[in-house]
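Every heavy atom of this structure was used, including side-chain atoms; hydrogens, water molecules and symmetry mates were not. In what follows, chains are A, B, ... by sequence order, proteins preceding strands, each numbered from 1.
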There are 2 protein chains.
Amino acid sequence: MEKNDLKAVGLKITTPRMRILEVLSSSGDRHFSAEDIYQHLRDIDKDISVATIYRVLTQFEAAGLVIRHNFSEAYSVFELNQGCHHDHLVCLQCRRVIEFHDPVIEERQDALTQRVGFKATDHSLTIYGICQDCQ
Amino acid sequence: MEKNDLKAVGLKITTPRMRILEVLSSSGDRHFSAEDIYQHLRDIDKDISVATIYRVLTQFEAAGLVIRHNFSEAYSVFELNQGCHHDHLVCLQCRRVIEFHDPVIEERQDALTQRVGFKATDHSLTIYGICQDCQ
DNA sequence: GTCCGTGCAAAGGATTTGCATAATC
DNA sequence: GATTATGCAAATCCTTTGCACGGAC
């Protein structure tokens with residue numbers, strides 16, 4: 001389980017790190033801001049410092065355990081990196097994030113970067129709008 | 001020319017607004033942070049307050065004159081909205097921004113949002129990596 | 001026991017805002 | 001001349017950092 005995730009990337013197993021992993025892998029939403037995580041833990045009386053949340057998330061990102069997103073908001077959003085790349089629909093009303101994956105789009109991107117000699121390391125495609133529930 | 005752009009969107013013609021428009025439409029780079037604009041103007045002895053730059057850019061964005069981008073950086077980048085939508089390659093080394101447009105990708109996005117009943121208002125596709133010159 | 005992690009509070013950078021002055025129409 | 005825009009400095013928001021203490025191995 002999660003302890004191995006930490007060991008695998010060479011991070012010591014500590015209570016804050018485990019708790020943050022738990023929140024990130026909790027069912028339901030998969031996309032959290034640092035503040036979201038802080039509230040989740042505070043709600044169940046598992047207090048933690050915001051500074052630690054940021055530090056841990058940054059380490060997790062460096063270790064490839066989480067992916068950081070800069071959607072249109074002023075803050076970052078984090079999700080567990082589960083290996084399979086995907087893109088996002090972001091509802092501007094309820095802030096919900098819906099994932100999708102389109103192989104044709106991926107192919108076109110690869111073709112494009114090869115054509116212009118650009119060494120792509122990463123990409124993000126985000127579609128903003130109003131989700132079905134909010135309409 | 002630019003005076004009409006301002007009148008067309010119902011904004012008074014003021015010196016700061018004209019100067020910012022000039023920078024945004026200057027040849028060369030087309031993508032500027034607020035700080036970039038501040039420096040450009042300062043360099044040619046056209047002093048301006050940073051607060052005004054932010055205020056004007058926000059008004060321009062609301063009026064559809066400029067587009068604001070949140071690339072992976074901690075700050076926003078602005079470009080003149082010239083009507084034809086495009087996406088971006090961002091060089092992580094030199095920060096250069098290269099534009100591209102792919103109709104197939106656009107189509108796939110439309111098909112997707114229609115399929116899941118999502119009312120898209122906007123989207124951004126950004127590919128990060130190293131441009132040819134920096135390799 | 002050593003070393004790394006955490007909490008706290010203060011610092012940091014980008015952006016916004018309140019208010020008095022200055023400019024546009 | 002009335003109204004809106006600007007400059008300045010202070011405020012705000014998210015995030016990072018310094019330092020002393022506490023916890024993992």
Q.
Would B:Arg96 and B:Asp29 count as a salt bridge (charged side-chain N to carboxylate O under 4.0 Å, His left out) here? Give the steps.
A. CA-CA 8 Å; B:Arg96 192 154 70 98; B:Asp29 200 356; over 6 Å; no
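- Neither OP1 nor OP2 of C:dT6 sits under 4.0 Å from any side-chain N or O of A:Ser49.
- Residue B:Ala51 is in base contact, counting any heavy-atom pair closer than 4.0 Å across all strands shown.
- Between A:Ile37 and A:Leu24, the closest side-chain pair of non-hydrogen atoms falls below 4.5 Å.
- Between the P atom of C:dT6 and the CG atom of A:Leu41 lies a distance of 13 Å, rounded to the nearest Å.
- Across the protein-nucleic acid pair, A:Asp36 atom CG and D:dT15 atom P stand 11 Å apart, rounded to whole Å.
- Interface residues of residues 53-70 of chain B facing DNA chain D, ordered by number: B:Arg55, B:Val56; criterion, heavy-atom separation under 4.0 Å.
- The backbone N or O of B:Lys12 lies less than 3.5 Å from a partner atom in the side chain of B:Arg17, making a donor-acceptor pair.
- The backbone N or O of B:Ile48 lies less than 3.5 Å from no partner atom in the side chain of B:Thr52, so there is not a single donor-acceptor pair.
- Atom NZ of B:Lys46 and atom C1' of D:dT6 are 17 Å apart (whole Å).
- With rounding to whole Å, B:Arg17 atom CZ is found 13 Å from C:dC25 atom C1'.
- Partners of A:His69 under the ring-ring contact (aromatic ring centres under 6.0 Å, His included) rule, at least two apart in sequence or in another chain, are A:Phe71, A:His88.
- Taking B:His85 as the reference, B:His123 meet the ring-ring contact (aromatic ring centres under 6.0 Å, His included) condition, with sequence neighbours excluded.
- Protein atom CD1 of B:Ile48 is 10 Å distant from nucleotide atom C1' of D:dG7, rounded to whole Å.
- Under a 3.5 Å cut-off, the side chain of A:Tyr128 and the backbone N or O of A:Ser72 do form a donor-acceptor pair.
- For A:Phe32, the ring-ring contact (aromatic ring centres under 6.0 Å, His included) partners two or more places apart in sequence, or in a different chain, are A:His40.
- Distance CZ (B:Phe32) to P (C:dA14): 18 Å, rounded to an integer number of Å.
- The pair A:Glu79-A:Arg68 does not meet the salt-bridge criterion, since no charged nitrogen lies less than 4.0 angstrom from a carboxylate oxygen.
- Spacing between atom CE of B:Met18 and atom P of D:dA5 amounts to 16 Å, rounded to whole angstrom units.
- Between A:Glu35 atom CD and D:dT16 atom P there is a gap of 14 Å when expressed in whole angstrom units.
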Q) Which letter, B, S or -, goes with each nucleotide of nucleotides 20-25 of chain D from 5' to 3', with contact meaning a protein heavy atom under 4.0 Å? A) ----SS
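- Direction change of the helix axis from one end of the helix from C:dG1-D:dC25 to C:dC25-D:dG1 to the other is 30°, with five pairs defining each end axis (rounded to 10°).
- Residue contacts shown for B:Ser33 are absent, as no nucleic acid heavy atom lies under 4.0 Å away.
- Side-chain atoms of B:His86 come within 3.5 Å of backbone atoms of B:Cys84 as a donor-acceptor pair (strictly under, hydrogens ignored).
- The side-chain heavy atoms of A:Thr126 and A:Asp87, taken from C-beta on, include no pair separated by under 4.5 Å.
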